[in-house]
Amino acid sequence: MIDGATLTPQPLLHATALSCERGGQRLFSPLSLSVLPGDYIELIGENGSGKSTLLRTLAGLHSQFTGEYRSQDALYQGHRLGLDGLLTPLENLAWFAGLEDCPSDRETTLDALDRAGVLVKAYSLCSAMSAGQQRRVAMARWLLSSRKLWLLDEPLTALDASAQGLLGEIIAEHCASGGAAICATHNPIDISNKSELILQADKSGARS
Amino acid sequence: MIRAALVREWQVLLRGRGTVINPIAFLLLTTTLFVIAAPDAMTTAADQSSAVAPGVLWSLVLLTQLLALDSMYRRDFDSGVLEQTLVGAQVPFVAVLIRIFMQWLSTGFIMVGLVPLLGLMLGLSSQALPATALALLLGTPALSLLGSIGASVTVGFNRGGVILALLVLPLFLPTLVFGADMVISAQAGRSVMPQVYALSLISLVALALAPFATLAGLKISLEMQ
Amino acid sequence: MLGASLKRLWHKLGSPRWFFSLTTPWVTFFGWSAALLLLWGAIWGLAYAPADYQQGNSFRIMYVHVPAAMLAQSLYIGMGVAGFIGLVWRMKLTDVAISACLPLGMVVTALALFSGSVWGRPTWGSWWEWDGRTVSTLVLFFLYVGVFALREAIAEAELRARASALIAMVGTVNIPIIKYSVEWWNTLHQPASFSLTQKPTMPSEMWLPLLVMVLGFYCFAGFIVLLRMRSEILQRESNARWARDWIVRRGFS
C-alpha cells in the first residue's frame, strides 16, 4: 500500500474543525484529528454528546456537519449489527465479503468464527442466536474485513467477560498490523496504547 | 458484489416465504371478496367478457403491490443490513437495483403466473389472457420501481403505511390506465400495441428514475435515527 | 475566474439574508400588480366579455378555474424544481420555497376542483364529471397531499427538507406521464363531450380577460410565496442579528 518513498504513513482519517449537527444544532465543539495506522482512539462523552453521530458521519451515514474530513473506506459497526436473521453466520459473512469485494473462502470464515467463539453456531440461523453471540459473529466479520479504519459504536454491549477480553485482543491486533480503530464506549476497553477523545457538548448554541 | 447480493436475496426469499405467499394470498382473497360483493358485474361464461374485470384486476394488483412495498426495506433497515450496504458496498446503486428486482420477482412476476387463475375467477375472456399476462409483465416493474422510492422515504417511520400509499398510488395511475386498457382492448379484439409501448415506456422512465431516488431516500431514512 | 464568481453568486443566491433584502421591493410589486390585474380582469371578464353562445354566462367561471388550474400545476413544478436545486446544491432556501408553495398549491388546486365542479353543474348537468382535466387536477391534489403528509411525519427539519424535495422532484417528473395517461383514458372512455375551454374558437374579447386573470393569479402567487418565504426566513434566522434588526426597525418586536 505505502510505497517506499514515503516514510511517514498516510493518515487513515483526517478531520479539520469537524462538528456534527442535528436539527441545525451543533452536538459538540469542533474537533480536528488525524488517525494514523496503529492508533486506537476511545471516544468518550455523555449521552447525547454526539459519539454515535460522529461515527455515523465518518462512515458517511450522516450528512449534517460542518468542517471537513477525508477518510479511507471504513468498517462501521453500529447498534444494528447488519446480520440478517434468516441467514447463518457463514452466509452473512459471505455477504459482507462480497460487499467489500474481498475474497473469502469457507476455511478462513470458519477460522474467524472459531476465533470469535461461535463456531458451533456456524450453520444455525442468526435469529436463533443470543445478542452476545450475534455480537461475536460481528467480531468475526471484522477479522475478515480488509478495511483499515474501524468505527465501532459501543462494541461492548451484550458481551460477556471472555468476549470483552477477546474484543480488546482483536482491536489491539488490528492496530498492531497497521490498522486503526475509533471506538465509542462508556466502559474503557483494555488496550495498552490508547488515546482518548472527549466530546464536549457545544455550549455556544451556535446555529449554522 | 453483485453475486453476493443476489445470493443473499435469493436465500432470504427462500427462507422468508411469507414475503411471496402473503401478497399472493391477499390478491386471491380480495379478488374473491370482489366477486362475491358484486356477482352481477362478473361473468364466468367462457365466451363472454366481463366489463369490470380488467379494472378490478389492475386495482387489486396495485393494492397488493402497495401492501408488499411497505416491507420492502423494513427488514434490512431494522437489522442494519441497509446501513452496512451503504457504508460497505462499492456501488450501493447496484445493491438497490438488485433489491428492487427481487421485490418485483417476488410480487409482480408471480402475479403474471397467476393470470389464468385470476382470469378464471374474474371472468376474463380467454383470448385476453395472453395480453393480460403481457400487461402485468410490462407494467408491474414500474410499480416496484416507483414504489421503491416511496418505501425508501417511509422506511424510517413507525407507521409509514398510509403515507406510503399517499406517495405512491398517484404515481401508479399511468400504469393502471394503460394496463387496464390493454386488457380491455384485448377482450374487444383490438390491437394492444399502443399500450405495450406505453407500459414499456413508463417502466423505462421508472427504471431511470427509481434507483437514484431510492438511494437518496434510503440515505434520508438512515439519518433519521 | 468566471467559474469562481459564478460560484460566489450561486452561494449568495442561497443565502437567506441576501434573498431577503433582494425580495423586499418585489413583494410590493407583486402585491400591487396582483390587486390591479385581478380587479381589471375580473371586471372585464365578468361584466364586459360577451356571453358564450352555448354556455351563456356560466362560462365566466373559466376566469377563475383556468388560472387556478394552471397555477396549481406551476406551483407543484416549482416545488419540484426547488427540490432538485436543493438536493443537488444543498441550498437551505429551497426548502423555504417548498414550504411556501405547498399550502398555497393545495388551496389553489382545491379551488380549481371546486370551480370546475361548479362550472360542470350548468354545463354537464352534474357536480362531478370524470373529465380528463378534472382527473388530472384531482391526481395533482393527491400529489400535494402526499408531500404534505410526508412533511408532517418528519420532525427533523433538515431531513424533512430533503425528503420532501425528493418526493416533489419525483412527482414533477411523473406529472407529464400522468397527464398523458389521463388524456388517453379520457379520449377512450368518455363520449366526446364538449370541452369546457375551446381555445381556438374563443374570440379575443373572451380570452384577453383570461390572460389578465392568469397574470393576476401568478402575481398573487408570487406575492404570497414571497411573503411566506420571508416570514419563514425571519423565523428560522431569529437568532441572527440582521433579522432582529429588521424586525425592530419595522416595529414588530
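In what follows, chains are A, B, ... by sequence order, proteins preceding strands, each numbered from 1.
Using a 4.5 Å cut-off between heavy atoms, C:Ile167 contacts chain B through its side chain alone, with no backbone atom that close. Residue contact with chain C, scored on non-hydrogen atoms closer than 4.5 Å, involves the side chain of B:Leu146 exclusively. The contact between C:Ile177 and chain B is made by backbone and side chain atoms together, counting heavy-atom distances below 4.5 Å.
In this pair, C:Trp184 and B:Phe178 present their aromatic rings tilted. The plane angle is within the 30 to 60° band.
Top candidate by heavy-atom pairs under 4.5 Å with chain B, chosen from C:Val139, C:Ile175, C:Leu166, is C:Leu166. Ranked by heavy-atom pairs under 4.5 Å with chain C, the list B:Val162, B:Ile149, B:Ile220, B:Leu166 is led by B:Ile220. Ranked by non-hydrogen atom pairs under 4.5 Å with chain B, the options C:Leu87, C:Ile154, C:Asn174, C:Leu159 are led by C:Leu159.
By the 4.0 Å N-to-carboxylate-O rule, B:Asp70 lies close enough to B:Arg74 to be salt-bridged with it.
Looking at C:Tyr76 and C:Val108, their side chains never come closer than 4.5 Å, going by heavy atoms from C-beta outward.
A donor-acceptor contact under 3.5 angstrom links the side chains of C:Arg230 and C:Thr23, judged on distance only. A donor-acceptor contact closer than 3.5 angstrom links the side chains of B:Gln103 and B:Gln65. Using modelled atom types, one finds a donor on one side chain and an acceptor on the other under 3.5 Å when comparing B:Tyr73 with B:Ser148. A side-chain donor from one of B:Thr140 and B:Trp104 sits under 3.5 Å from a side-chain acceptor of the other. C:Tyr218 and C:Ser74 share a side-chain donor-acceptor pair at under 3.5 Å.
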Evaluate the criterion side chain to side chain contact (heavy atoms under 4.5 Å, CB included) for residue pair C:Val135 and C:Trp185; output intermediate values, then yes/no.
-> CA-CA 10 Å; C:Val135 175; C:Trp185 170 83; 3.8 Å; yes
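Aromatic ring centres of C:Trp242 and C:Phe20: separated by under 6.0 Å.
Among residues two or more places apart in sequence or in another chain, the side chain to side chain contact (heavy atoms under 4.5 Å, CB included) test is passed with C:Ser136 by C:Lys179, C:Val182. With sequence neighbours excluded, no residue forms a ring-ring contact (aromatic ring centres under 6.0 Å, His included) with C:Phe217.
Interface with chain B: from residues 140-151 of chain C, residues C:Phe142, C:Leu143, C:Val145, C:Gly146, C:Val147, C:Ala149, C:Leu150 qualify, criterion being any non-hydrogen pair under 4.5 Å. Residues of residues 190-216 of chain B lying within less than 4.5 angstrom of chain C, judged on heavy atoms, are B:Pro194, B:Gln195, B:Ile202, B:Val205, B:Leu209, B:Ala213, B:Ala216 in numerical order.
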